[in-house]
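Following: one structure in structure tokens, then a few remarks.
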Amino acid sequence: MSRGLIGRIAVTVVVVVLVTVVAVLGKMWWDSRLPDTYNVMAYGTHEYGGGPEPPDHEGHAGAGTSVADLKGPSDGTPDARFELTARAADIRLSSGRLVHALTFEGTSPGPELRVHQGDLVEVLLHNADVEDGVTIHWHGIDVPNAEDGVAGVTQDAVLPGGSYTYRFRAEQVGTFWYHTHQVSSKEVRRGLFGVIVIEPREEWPGLDLAVAAHTFDGIATLDGDEGGGRHKVAVGTQVRLRIVNTDSFEQTFTVSGTPFRVLAIDGTDLHEPAELENAALPVAAGGRIDVGYVQPPNGVRVGIEGTKTALGFGPSRGPAPAEVTPTTTFDPLTYGTPAPTPFDASSAFDRRFEMTITRKPGFFDGSPGLQWAINGGIYPDVPVFVVEDGDLVEVTITNDSNGTHPMHLHGHHLLVLSRDGQPSTGSPWWSDTLDVQKGESYVVAFRADNPGLWMDHCHNLTHAAQGLTMHAAYAGVSTPFLVGGDTGNAPE
């Protein structure tokens with residue numbers, strides 16, 4: 001065989017290989033592109049966790065019970081009624097810095113909503129001029145599915161000039177927050193959020209204060225105050241501080257000047273919380289933590305670690321003490337003492353699922369790069385966990401990526417059973433926004449007792465917008481709402 005022929009064959013082989021590679025990459029690119037309008041249940045792989053495959057599971061994309069029918073109470077006079085208008089507005093931080101924000105009622109955080117357990121709550125949302133639309137998601141409150149406020153999943157986004165009414169019974173007690181779930185990675189960052197507290201019927205015998213941590217244009221704030229503010233509190237007062245992390249990244253808080261206890265996580269009280277001192281308090285993106293102490297004669301500082309942003313408490317409005325240097329980090333896995341739970345690690349689970357988070361090269365909606373993947377698939381090729389009403393469900397969440405992922409399942413609270421094989425031995429730890437650090441693996445469980453189609457996503461909202469999101473679906477439940485379309489529904 002002549003050298004010329006060998007050369008031509010080699011060139012042909014190279015060309016064929018290149019054409020094949022280009023063709024494969026082109027198909028991957030084309031297949032990754034999301035249509036302008038689609039039903040979220042038209043994608044993904046339905047998994048059943050070892051349980052029976054429901055006979056009507058094929059109905060998710062258009063048949064069965066509609067999420068629109070899974071409403072809160074339609075009758076009855078509300079015990080608590082609010083109106084919230086979303087609009088663009090300039091807000092001024094305590095330093096005088098101007099922020100071009102998106103607001104509820106012209107402020108960010110929006111108005112604090114306080115209700116009592118058992119109240120029928122009605123909230124009328126108006127959109128004055130938020131161009132991309134707005135919704136309200138009740139983060140951590142296990143509302144009926146139609147009240148969950150997810151654009152393209154449980155409702156259409158409310159466009160400028162439009163309104164929408166939410167109604168639900170406040171069955172839980174605790175610290176929660178509300179935020180838009182339309183283009184949430186941008187709109188929450190710009191200020192469309194607020195705090196909602198569901199109080200028990202018995203009144204707290206002291207100071208009960210909720211505060212939202214948020215970063216505006218790179219500046220850490222507490223309730224929009226870069227300094228945090230000072231509160232005059234009499235000696236001996238029982239103080240309950242409800243801290244809400246509204247950022248898309250973990251924030252760590254410190255308490256200086258007094259021993260304290262962690263009273264609640266994600267709206268659920270802890271059992272027999274022990275006294276802590278000089279302990280760092282990490283709070284997941286979207287998570288909440290309640291701390292309590294008895295006011296000493298000296299001042300107390302509660303702030304964001306490593307910043308000047310802190311609240312001061314004391315008999316006078318004088319300066320707060322210096323921030324402590326933490327010598328330990330709060331760990332809910334071993335904190336407090338055990339108490340009975342409706343199920344535990346030894347229970348007979350109806351379904352067991354695996355959720356493994358990685359990063360892999362590929363295409364996400366036509367864009368190449370390192371993409372977030374769940375169980376090896378890049379959105380929308382991600383699992384859909386299918387359950388039936390009443391199922392007891394176990395989920396193992398493993399983070400094999402380099403990022404931290406605060407995983408948030410809508411409509412349910414998770415009971416943490418173990419972390420990296422170590423059982424939970426302290427107070428029962430219920431969470432709706434669980435920080436899963438690099439290399440960690442959690443086993444959690446929940447009772448499937450709130451039928452619907454529920455988002456399950458990373459509450460680093462940028463990660464979610466990049467595809468780190470999936471759904472848990474009850475058999476036979478479908479959604480009539482579409483992502484995209486005339487309303488521009490874009491939940492993340």
Going by atom types only, do [X] and [Y] share a side-chain donor-acceptor pair under 3.5 Å?
X: E226; Y: T309; result: no
X: T175; Y: R242; result: yes
X: S163; Y: H126; result: yes
X: D266; Y: S431; result: yes

With sequence neighbours left out, write down each residue that passes salt bridge (charged side-chain N to carboxylate O under 4.0 Å, His left out) with [X], or none if nothing qualifies.
X: E354; answer: none
X: E131; answer: none
X: R190; answer: none
X: D391; answer: R351

Only counting residues at least two apart or in another chain, list the ones meeting side chain to side chain contact (heavy atoms under 4.5 Å, CB included) with [X].
X: A279; result: F260, L276, T328
X: T469; result: Y379, M455, H457, E492
X: R81; result: P78, E83, E122, L124
X: T404; result: D435, Q437

Q.
Please check this pair: side chain of W454 against backbone of N450, looking for a donor-acceptor N/O pair closer than 3.5 Å.
A.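 It does hold such a pair.
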Q: Return the set of residues passing ring-ring contact (aromatic ring centres under 6.0 Å, His included) with F446 (not counting sequence neighbours), or none when no residue passes.
A: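 Only H412 meet the ring-ring contact (aromatic ring centres under 6.0 Å, His included) criterion with F446.
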**Q.** Sequence-distant partners of N460, side-chain hydrogen bond (donor to acceptor under 3.5 Å, both in side chains), two or more places apart
**A.**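 If we apply the side-chain hydrogen bond (donor to acceptor under 3.5 Å, both in side chains) test to N460, skipping adjacent residues, the hits are H463.
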Q: Go through the structure and list residues passing side-chain hydrogen bond (donor to acceptor under 3.5 Å, both in side chains) with T487, not counting sequence neighbours.
A: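 If we apply the side-chain hydrogen bond (donor to acceptor under 3.5 Å, both in side chains) test to T487, skipping adjacent residues, the hits are N489.
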**Q.** ring-ring contact (aromatic ring centres under 6.0 Å, His included) partners of residues 71-107, not counting sequence neighbours, each pair once
**A.**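 Every ring-ring contact (aromatic ring centres under 6.0 Å, His included) pair that includes a residue of residues 71-107, provided the two are not neighbours, is F104-Y178.
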